[in-house]
There are 6 protein chains.
Amino acid sequence: METKIAVFAGTFDPITLGHVDIINRSLRLVDKMIIAIGVNTKKQTLFSLEDRMAWIQEIFKDEPKIEVDNYTDLTVNYCRSKGAKYIMRGLRNGSDFDYEAHIAQVNKELAPEIETLFTISSPELSYISSTIVRDLILYGGDYSNFVPNSVAISKAKRNF
Amino acid sequence: METKIAVFAGTFDPITLGHVDIINRSLRLVDKMIIAIGVNTKKQTLFSLEDRMAWIQEIFKDEPKIEVDNYTDLTVNYCRSKGAKYIMRGLRNGSDFDYEAHIAQVNKELAPEIETLFTISSPELSYISSTIVRDLILYGGDYSNFVPNSVAISKAKRNF
Amino acid sequence: METKIAVFAGTFDPITLGHVDIINRSLRLVDKMIIAIGVNTKKQTLFSLEDRMAWIQEIFKDEPKIEVDNYTDLTVNYCRSKGAKYIMRGLRNGSDFDYEAHIAQVNKELAPEIETLFTISSPELSYISSTIVRDLILYGGDYSNFVPNSVAISKAKRNF
Amino acid sequence: METKIAVFAGTFDPITLGHVDIINRSLRLVDKMIIAIGVNTKKQTLFSLEDRMAWIQEIFKDEPKIEVDNYTDLTVNYCRSKGAKYIMRGLRNGSDFDYEAHIAQVNKELAPEIETLFTISSPELSYISSTIVRDLILYGGDYSNFVPNSVAISKAKRNF
Amino acid sequence: METKIAVFAGTFDPITLGHVDIINRSLRLVDKMIIAIGVNTKKQTLFSLEDRMAWIQEIFKDEPKIEVDNYTDLTVNYCRSKGAKYIMRGLRNGSDFDYEAHIAQVNKELAPEIETLFTISSPELSYISSTIVRDLILYGGDYSNFVPNSVAISKAKRNF
Amino acid sequence: METKIAVFAGTFDPITLGHVDIINRSLRLVDKMIIAIGVNTKKQTLFSLEDRMAWIQEIFKDEPKIEVDNYTDLTVNYCRSKGAKYIMRGLRNGSDFDYEAHIAQVNKELAPEIETLFTISSPELSYISSTIVRDLILYGGDYSNFVPNSVAISKAKRNF
């Protein structure tokens, strides 16, 4: 039987409890899940790629199905290079939906053999986003309830 | 390895090309998919349960992974009785999302071990719904582009 | 040059100031506009077809481009029978949009030569709907600010 | 200083933990809150008016600011009869918003001196609705996590 | 009885008739309302903080319940420093809602004792935003119908 | 009879098959349609104004009703200078709607004699946008299915 490989792509600047929830809920469905940090050299991030990768590796270090990686290509091209037939995404609300539907349909046109699958965020985590965590960091707010423990206690140098 | 069983539940009054698209796109992901007609004795349907089941069986007769069934219980109870850990759903637009998110979250509360997974409808099929097909039937419109061939040519007696 | 004929279809139970706004704003664009009451024998209305037609005729009696009619067929079939190439619709909010987009796409599939055009309701009228007027009537509320004068002063017998 | 009176109106068929959350969060803001069951003789409810009132009275029996009542009139007329200048509402998602905005604007037109105020549901309760509780009851599902304890243990006779 | 203090926060670049409407409608509910300009040193504004504060002070100079201020901290921290238990917000449409719900839920998590309250914009003002006023200014359009008189006639130097 | 002139304004960076679909569907309704590139000196585009104009001229070179132009003014001022009484727009989804409704209402306030008309994108083109085409270009993806042939084969120099 074909090995089912999925890609969960994002910027993860930083990874949040919302991401972890989506990953854990979809993990059972596949044989391997690649958490892939999309690197866009034009987009400034708050945390370095090294920190972002290290956090994800630490969080899932006991989960053999998970591989952590990064890529600079189009997401569908990256999926093809890894043999992944599934893109996993989380949906938080109706505004997310319109955006995600656009991306999923473009990816379907570019790579018809790759399917995008969605789960809906747990309601108590649905308001968490990396953007809000970064805003809290910038204003000195307490973001420890929004991120995994390894991120919360990190001494990572920020890019600013 | 655990057999992955999914339920795709609906009224299918009648099954449309939109349903078939969602089923075909999610089928690869699972070992078995049960297309399950939810029977609600208080809700009048246009077509009999027998016709609705026969159409689905005919459409997927060459697909060994698919089983066609019907149920009267809560969907999550039905899933448990069949050993299904996944509910498959299709999303067409932002209004669908708010409704589907409600149902998915209630099901998660009732049965935390069952995950709801969504795919987004192909855009050229996203405007098709059983409601619109029934309206076309009632007004004598041509609905053959909206349903599988076996439904279009059917001589099914309608419940009215 | 081709005569441009548009259909503005609805139940108009009763016609509101929201409808009148949309009609007046789109009228300039066409040579003839048919305000067409869709008659659905299964759907109970509050006012009789005769009253609903009489009100619309009274409101637009000085507008030579407007014709008032009723029909029982599919809307696109009715348009074809009248030589109308345009369906005019009003949009009030994002929820309206998803519903209207579905209908417009089905009509496009059924009759590719007929185009649906939309205007957005004037904001101060965007909360008016026939449903709300009917609710006000049923509870004895004052609805005179929501309907044209001829409806407000009418002694029409209601169907209940 | 003027006594601030608010009305929280609904069908409460039955009252849910979502309602209780909204009430508790807005209570501090006002001097008196009237939880008012809107009675519509044309709309069949699952539970009797007596049961629905008794549950709410039981839940808030230690809260002196709360009064439980019922009414058959338009909501704004009822507010006026009680001297209430505020209508309290809860919002769960974007679809709720469009509906609630319509109602609030009609009420503003009918009674400019009455203001509608909204709070947003706690995310972990945002998927709970009376409709979903009634569906669970009808299908024999466990709804005890969705309603206050007094409703969950009730032996109320249902209207069916 | 506790003094009820609310914060209405924003950038007010410039204040519009939409803001004034929301402030006037919520004012009656509280004992004191602080209109607080959030200062973000990384975000370039069109008008200086001094002009923006002066306009608001001029508009509400006869309203003893209103205080005008500015802050650089997280909004909830600012509220705590002022003893404010309420954040007042206006909602214009369903897209606003998803954004505002996120912010409100984060604020609830950070400061559970502070409640966010919403009113819905008057429909005839719902399309006005500071962004649109700034665009009109940049293109030389007439924005006098969108802002209070003191802003419209101002000779304020713009930051560009 | 008055000549009906419409403006279809945009940045067209680059023009897509989605734009072409909307233009073709609305063309029949008017006597003349001006495809007008809005030039904003502060906004960097991927393609030069010359390339963007040349593509549109090439695509519609056999369509006598179409004129291609560019402007730097407010859209309604440009419409007035050309005698255009209609602004044509396309709508893709509910998120588009909220944005477009804002713009249309501001334009109505600024120029009450100009009407904005909308068509809904063909579903199979509804996910195409200039933004997505630019992203594909930047990442080396194949965008030939999303743009007219003259754009796809172009050797245009990009502004980066």
Side-chain angles (χ1 to χ4, degrees), chain C residues 1-8 18 21-33 64-65 79 83-127, chain F residues 1-8 18 21-33 64-65 79 83-127:
Chain C
M1 204 163 74
E2 178 207 40
T3 304
K4 293 188 178 73
I5 305 174
V7 162
F8 186 76
D21 170 57
I22 296 293
I23 292 167
N24 281 333
R25 289 165 63 184
S26 2
L27 193 55
R28 206 176 45 182
L29 192 67
V30 294
D31 301 309
K32 180 171 159 184
M33 181 174 296
K65 278 176 163 184
C79 289
K85 295 286 177 53
Y86 307 98
I87 295 174
M88 298 295 320
R89 304 290 297 162
L91 290 170
R92 289 173 304 182
N93 55 42
S95 299
D96 264 17
F97 176 83
D98 285 336
Y99 175 79
E100 292 285 343
H102 264 220
I103 301 296
Q105 288 157 357
V106 169
N107 284 338
K108 189 80 184 169
E109 176 78 23
L110 295 172
E113 82 281 10
I114 296 174
E115 201 58 60
T116 304
L117 289 168
F118 298 88
T119 57
I120 292 184
S121 301
S122 297
E124 69 276 11
L125 300 174
S126 66
Y127 59 93
Chain F
M1 205 162 75
E2 178 207 40
T3 304
K4 292 189 178 71
I5 306 175
V7 163
F8 186 76
D21 170 55
I22 297 292
I23 292 166
N24 282 332
R25 289 165 61 184
S26 3
L27 192 55
R28 207 177 43 179
L29 192 67
V30 293
D31 301 311
K32 180 171 159 183
M33 181 174 294
K65 280 177 163 184
C79 289
K85 295 287 177 53
Y86 306 97
I87 296 173
M88 299 295 320
R89 304 290 297 162
L91 290 170
R92 289 173 304 182
N93 56 41
S95 300
D96 263 17
F97 176 85
D98 285 336
Y99 175 78
E100 292 285 343
H102 264 221
I103 301 297
Q105 287 158 358
V106 169
N107 285 338
K108 187 81 185 168
E109 176 77 23
L110 295 172
E113 81 282 10
I114 297 175
E115 200 59 59
T116 304
L117 289 169
F118 298 87
T119 57
I120 293 184
S121 302
S122 297
E124 68 276 13
L125 300 174
S126 67
Y127 59 93

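Chain A is the first sequence line, chain B the second, and so forth, proteins listed ahead of strands; every chain is numbered from 1.
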Should C:D96 and F:F97 be marked as a side-chain contact (heavy atoms from CB on, under 4.5 Å) after you check the CA-CA gap, both sets of side-chain angles, and the distance that decides it?
CA-CA 10 Å; C:D96 264 17; F:F97 176 85; over 6 Å; no
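The candidate with the highest count of non-hydrogen atom pairs below 4.5 Å against chain F, out of C:L117, C:D98, C:L91, C:I120, is C:I120. Contact tally against chain F (heavy-atom pairs below 4.5 Å) for C:P123, C:A104, C:A101: the top residue is C:P123.
Contacts of C:T119 with chain F are made by both backbone and side-chain atoms, with heavy-atom separations under 4.5 Å. With a threshold of 4.5 angstrom between heavy atoms, F:S26 does not approach chain C through any atom at all. With a threshold of 4.5 angstrom between heavy atoms, C:S126 does not approach chain F through any atom at all.
Contact between C:K4 and F:L29 at its shortest, heavy atoms only, is CE-O, 2.9 Å. Across every non-hydrogen atom of F:S121 and C:Q105, the tightest pair is O-NE2, 3.6 Å. Minimum heavy-atom separation, F:R28 to C:E115: NH2-CB, 3.6 Å.
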